[in-house]
Amino acid sequence: NAGVTQTPKFQVLKTGQSMTLQCAQDMNHNSMYWYRQDPGMGLRLIYYSASEGTTDKGEVPNGYNVSRLNKREFSLRLESAAPSQTSVYFCASSETSNYGYTFGSGTRLTVV
Amino acid sequence: QKEVEQNSGPLSVPEGAIASLNCTYSDRVSQSFFWYRQYSGKSPELIMSIYSNGDKEDGRFTAQLNKASQYVSLLIRDSQPSDSATYLCAVVPSGGYQKVTFGTGTKLQVIP
């Protein structure tokens with residue numbers, strides 16, 4: 001089925017460990033996004049990629065890095081995980097934001 | 001002041017009633033507005049978009065936009081228990097389409 005695929009769905013990390021969250025879309029969208037969702041905070045933009053080859057910081061980029069590998073794939077890396085990064089992470093894509101986003105199923109990350 | 005504000009709820013309505021969900025925003029020149037539905041433990045799903053003042057209807061859903069008063073609302077007619085979810089308002093501000101701002105969501109409970 002067409003859509004946005006995120007892996008893994010669940011992950012537990014120890015403080016200081018690193019990991020990469022993978023995201024791929026098959027809708028030929030230009031723009032891709034990484035959000036985190038925390039209770040009471042709503043969805044907050046971490047990084048986005050307006051088009052292949054470009055990435056920009058969002059509202060909460062500290063502690064994260066991203067790579068737009070090609071038009072389909074946009075990965076999020078935590079270099080040294082901290083308990084404050086415990087959250088649900090969503091990848092999304094859009095042709096432009098004027099058409100709204102399609103979200104992946106999310107990654108539930110716990111840092112202990 | 002938050003950029004996009006929603007009452008967190010829960011908003012409880014009986015089955016068959018009209019549910020009214022409201023959202024206010026601070027950026028006066030915002031151009032695009034979206035409603036997403038998020039079931040517990042799931043990812044947000046786009047259900048409505050609206051760009052011009054007035055009403056836009058899609059099935060049981062009606063989005064209403066009043067740019068002068070800076071609010072957007074979502075009406076759900078003939079509410080069903082399956083409509084029980086959190087509804088997120090999203091606004092594209094003047095800063096660019098990559099900087100979509102989400103409200104924290106209103107939890108709707110439809111009582112059978």
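We name chains A, B, ... by the order of the sequence lines, and we start the count at 1 in each one.
Heavy-atom pairs under 4.5 Å with chain A were tallied for B/P44, B/S49, B/G105; the largest tally goes to B/P44.
At a 4.5 Å heavy-atom cutoff, A/E59 makes no contact with chain B through either its backbone or its side chain. Heavy atoms closer than 4.5 Å to chain B are found in the side chain of A/R108, but not in its backbone. The contact between B/Y36 and chain A is made entirely by side chain atoms (from C-beta outward), counting heavy-atom distances below 4.5 Å.
Cluster membership check: B/F61 shares its hydrophobic cluster with B/L108, using side-chain heavy-atom separations under 4.5 Å among Ile, Leu, Val, Met, Phe, Trp and Tyr.
Between A/Y35 and A/F103, the ring-plane angle classifies as tilted under the 30° and 60° cut-offs.
For the pair A/R68 (side chain) and A/N70 (backbone), a donor-acceptor distance under 3.5 Å is present.
The local environment of NZ in B/K107 is sparse, with at most 12 non-hydrogen atoms from other residues, nucleotides or ligands closer than 6.0 Å.
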